[in-house]
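Please read these numbers as outputs of a predicted model, since none were measured by experiment. Each chain gets a letter, A, B and so on, in the order its sequence line appears, and its residues count up from 1.
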Amino acid sequence: MNEKVQLSQLSIPTPQDFSFAECLKHLMKPEQEWLYRVIDNSIYKLLKMDDELILFIIEWQPGNIIVKFPLTQPSTIQVKKVTTFISEWFDLEKDLRDFYELANNDPILRPIVQSYYGLRIVGIPHFFEAISWAIIGQQINLTFAYTLKKRLVEKYGESLEYEGNKYYVFPSLEIVASLTVEDLKLLQFSARKAEYIIGIAQLILQGKLSKDLVLKQKTFEQKHLFLTSIRGIGPWTADYVLMKSLQEPTAFPISDVGLHNALKKQLNLDRKPTMAELKELAMNWEGWQAYATFYLWRSL
DNA sequence: TCCCAGGAGCGCT
DNA sequence: AGCGCTCATGGG
């Protein structure tokens, strides 16, 4: 009667300057996010691995992220994949000391970094999801972008129910690759974005695009160039993906509207900064442009 | 109604 | 290589 199930548990050490609370705040901002759920300081996330849906719960105790698997006993390989996923999700491998030193000498970043100290770039490890999300978000307001993503995930993503809540995984490459532009237009995607996303799913399935293929490029510039050679991926999207999915600290979506608004606010401007001003400011952020951007986004 | 939104591709110089 | 036009639709 009411026997406690033995929970499989995993522990991932976190860096000294890691703030789970700040990362949680970031995760809780969107109101229409269906690819994870935050309940009482725990993150619930569903992944598909080896054709199996795996739900896990992320908590934190000083020094360690604790992962529990409430429904399944994960295999060794699955545990390893979840560990990698979480490490990328919260950018745990990055040593931020140089960034913090740089930020403390930067009049714009100093106050922001103090306010959100310990925040790490909360990424999108799932490569196809990261690209799709960037494309969805191109040139439309974020609220509508979340609506579009929600519709896509609801309609085409696999799901599983746990304790009364439904958890989704991002739609598979196979499914998206087989969709027509009309299918996505029904969800109010523009024809162009539908083409981009379907085309990218097909490219990945054909082996012509993958995280590994990007990583194989030697320099950051080559990675950027490789990504922008793909239809639908312009400079902003390439930087966004390099920042959120490949943990590249020098990725810099310099044309990003959110970045412009954050700087306008921090600098107390009555207009958005010009491209020349952006480049001038960013000279101080060399090597850590992605972190500067992420912290500036947070300041909004 | 108007302007803007976490842009990108394309054609024309 | 750089500029301008077009796409597309919800939010405020």
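- Note: A/Trp288 and A/Phe99 have tilted aromatic rings, judged against thresholds of 30 and 60 degrees for the angle between ring planes.
- Only A/Lys272, listed by number, bring a heavy atom of residues 268-289 of chain A to less than 4.0 angstrom from any atom of DNA chain B.
- Between A/Tyr146 and A/Trp133, the ring planes are tilted. Angles from 30° to 60° get that label.
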List the atom pairs, with distances to 0.1 Å, where a side-chain N or O of residues 107-117 of chain A and a protein N or O form a donor-acceptor pair under 3.5 Å, not counting sequence neighbours.
unit_1, atom_1, unit_2, atom_2, d
A/Arg110, NE, A/Asn104, O, 2.8
A/Arg110, NH2, A/Asn104, O, 3.4
A/Ser115, OG, A/Pro111, O, 3.0

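- The separation of B/dG11 from C/dA8, taken at their P atoms, amounts to 16 Å, rounded to a whole angstrom.
- Of the candidates A/Ile12, A/Leu10, A/Thr83, A/Ile12 is the only one forming a side-chain contact (heavy atoms from CB on, under 4.5 Å) with A/Ile65.
- To the nearest angstrom, P of B/dA5 lies 17 Å from CG of A/Leu148.
- Here the P atom of nucleotide B/dG7 and the CH2 atom of A/Trp133 are 12 Å apart, to the nearest Å.
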Exercise. How would nucleotides 8-13 of chain B be written as a contact map, 5' to 3', with B for base contact, S for sugar-phosphate-only contact and - for no contact, using protein heavy atoms under 4.0 Å?
Worked result: SSS---

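- Nucleotide C/dT9 holds its P atom 19 Å from the CG atom of A/Leu142, rounded to whole Å.
- Distance from the side chain of A/Ala191 is smallest for C/dA8 among the nucleotides C/dA8, C/dT9, B/dA5.
- Atom NZ of A/Lys193 and atom P of C/dT9 are 10 Å apart (whole Å).
- Between A/Phe56 and A/Phe69, the angle of the ring planes lies from 30° to 60°, which puts this pair in the tilted group.
- Between A/Gln188 and C/dG10, a side-chain N or O to OP1/OP2 separation shorter than 4.0 Å is present.
- Sequence order on DNA chain C of the closest nucleotides to A/Gln139 and A/Thr143 puts A/Gln139 first from the 5' end.
- Taking the six-membered ring for Trp and thresholds of 30 and 60 degrees, A/Tyr44 and A/Tyr167 have nearly parallel ring planes, at less than 30 degrees apart.
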